[in-house]
Amino acid sequence: MRPLQMVDTKTQYLKIKKEVDAAVLSVMESSQFIGGKVVNDFAASLAEYNGVKHVIPCANGTDALQISMMALDLKPGDEVITPSFTYIATVEAAALLRLQPVFTEVDRQTFCMDVEALEKAITPKTKAIIPVHLYGHAAPMEKIMAIAKKYDLFVIEDNAQAIGCDYTFSDGSTLKTGSIGHIGCTSFYPSKNLGAFGDGGAIFTNDDALAEQLKMIAAHGQNKRYYHEVVGCNSRLDAIQAAILNIKLQHLDEYIAARRKAADFYDKAFEGQQKITTPFRNSYSKHVFHQYTLILNGVDRDGLNKYLSEKGIPSMIYYPVPCHKQKMFDAFGGKNYELPVTDWLTERVISLPIHTELDEEQQTFIASEILNYIN
Ligand SMILES: *Cc1c(COP(=O)(O)O)cnc(C)c1O
């Protein structure tokens, strides 16, 4: 059996090595390392794939979130509502810009923003909502957009874990996540579903004026070279990364299908187990399984983690400390929150290896060792 990893980017690379190597070499030969045709081509292909008018590439997903909040012209103290049960990057940029993060509860089944809790968290100072499509399952965007409209709020989707996820509205129409809110953000961190060979990120919008603003902010606040209109930052996607991503984008649907197949295998292996809740798939969301995360019921999680690790099976806790309990947010009143569902999930989740290169032998071994431990 091949050794087990949380993600296997190496095997994935070897399958497209020829194309990728040629694309990287051609960027090197062109010596157009920043901007240029390769980056523009990737932005155009991604816009088409995601069904969105504008894609603004940038340096990473965290920058994408920061630039988005800068483009909305939010003022210090303005409130931004996000789930606490997410990766720190969702919230960090808000704090950096001196906005007030407001942590809200998630749904016990989907791990995504709880819309009732969201509406209750809205105050006259609220300016934006940042839903997260955690683990590759979409947040309930139709309801979130309706609430945003009712209270005149911006929505920035954190789509770092869900690129390629199809969202179905109640009228039967579909959109890809990241193109539903006013702005969508994504990351090309190597382990993400569309991963580069280094850092990368992108911002999506259908709004022409916002697109101009986002582009300007990512480029030192300039429209015209050396004329700086607003305070911006420097956030670019390298041409080498864009060349690699352009090739991987053509395989993204295959990659997602492979992840779903691996998820189906686990689902079946754990069927009927009282001590394990497998990932819920709401009918509005076509899960893209960035993570395959179980909820353990009455299982010693640290014990399981240790047992698996002794068998050569990696497993991870995403995330061991929810945002509101991070020291970073003490100064923002993080300690004042009571988020029982978030705490409940934080104590019980465990993520298993999931990626495009898992085979049945590996998955059979993983599942049987888990069942060995819990039963
Ligand atoms: C990965 C990730 C980010 C940040 O992306 P980077 O490219 O690492 O900066 C933001 N939000 C979520 C939910 C993520 O998983």
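One-based numbering, in listed order, for ligands and for the atoms of each.
Between F197 and Y13, the ring-plane angle classifies as perpendicular under the 30° and 60° cut-offs.
Here's the thing with T86: none of its N/O atoms is less than 3.5 angstrom from an N/O atom of ligand 1. The shortest N or O to N or O distance between D158 and ligand 1 is below 3.5 Å. When only interatomic distances are considered, the shortest N/O to N/O separation between V132 and ligand 1 does not fall below 3.5 Å.
N282 and T110 share no donor-acceptor pair across their side chains, judged by distance under 3.5 Å alone. At a cut-off of 3.5 Å, with distance as the only test, no side-chain donor of T186 or N159 sits close to an acceptor on the other residue. At a cut-off of 3.5 Å, with distance as the only test, no side-chain donor of E92 or T62 sits close to an acceptor on the other residue.
Note that K311 lies outside the cation-pi zone of F365, set by a 6.0 Å cut-off to the ring centre and a 45° limit from the axis.
The shortest separation from a heavy atom of K192 to ligand 1 is under 4.0 Å, placing the residue in contact. In this structure, D199 falls outside the shell of residues with a heavy atom less than 4.0 angstrom from ligand 1.
The residue from Q161, H290, E157 that alone fulfils the side-chain hydrogen bond (donor to acceptor under 3.5 Å, both in side chains) condition with H133 is E157.
Contact atoms of ligand 1 toward N60: 7 (O), 9 (O) (distance under 4.0 Å to a heavy atom of the residue). For ligand 1, the atoms lying closer than 4.0 Å to a non-hydrogen atom of T62 are 4 (C), 5 (O), 6 (P), 9 (O). For ligand 1, the atoms closer than 4.0 angstrom to any heavy atom of A89 are 3 (C), 4 (C), 10 (C).
The closest protein non-hydrogen atom to atom 15 (O) of ligand 1 is Q161 NE2, 2.8 Å.
If you check each of S191, A160, S187, G201 against atom 8 (O) of ligand 1, the one with the closest non-hydrogen atom is S187.
Checked against the 6.0 Å centroid threshold, F329 and Y337 do not count as a close aromatic pair.
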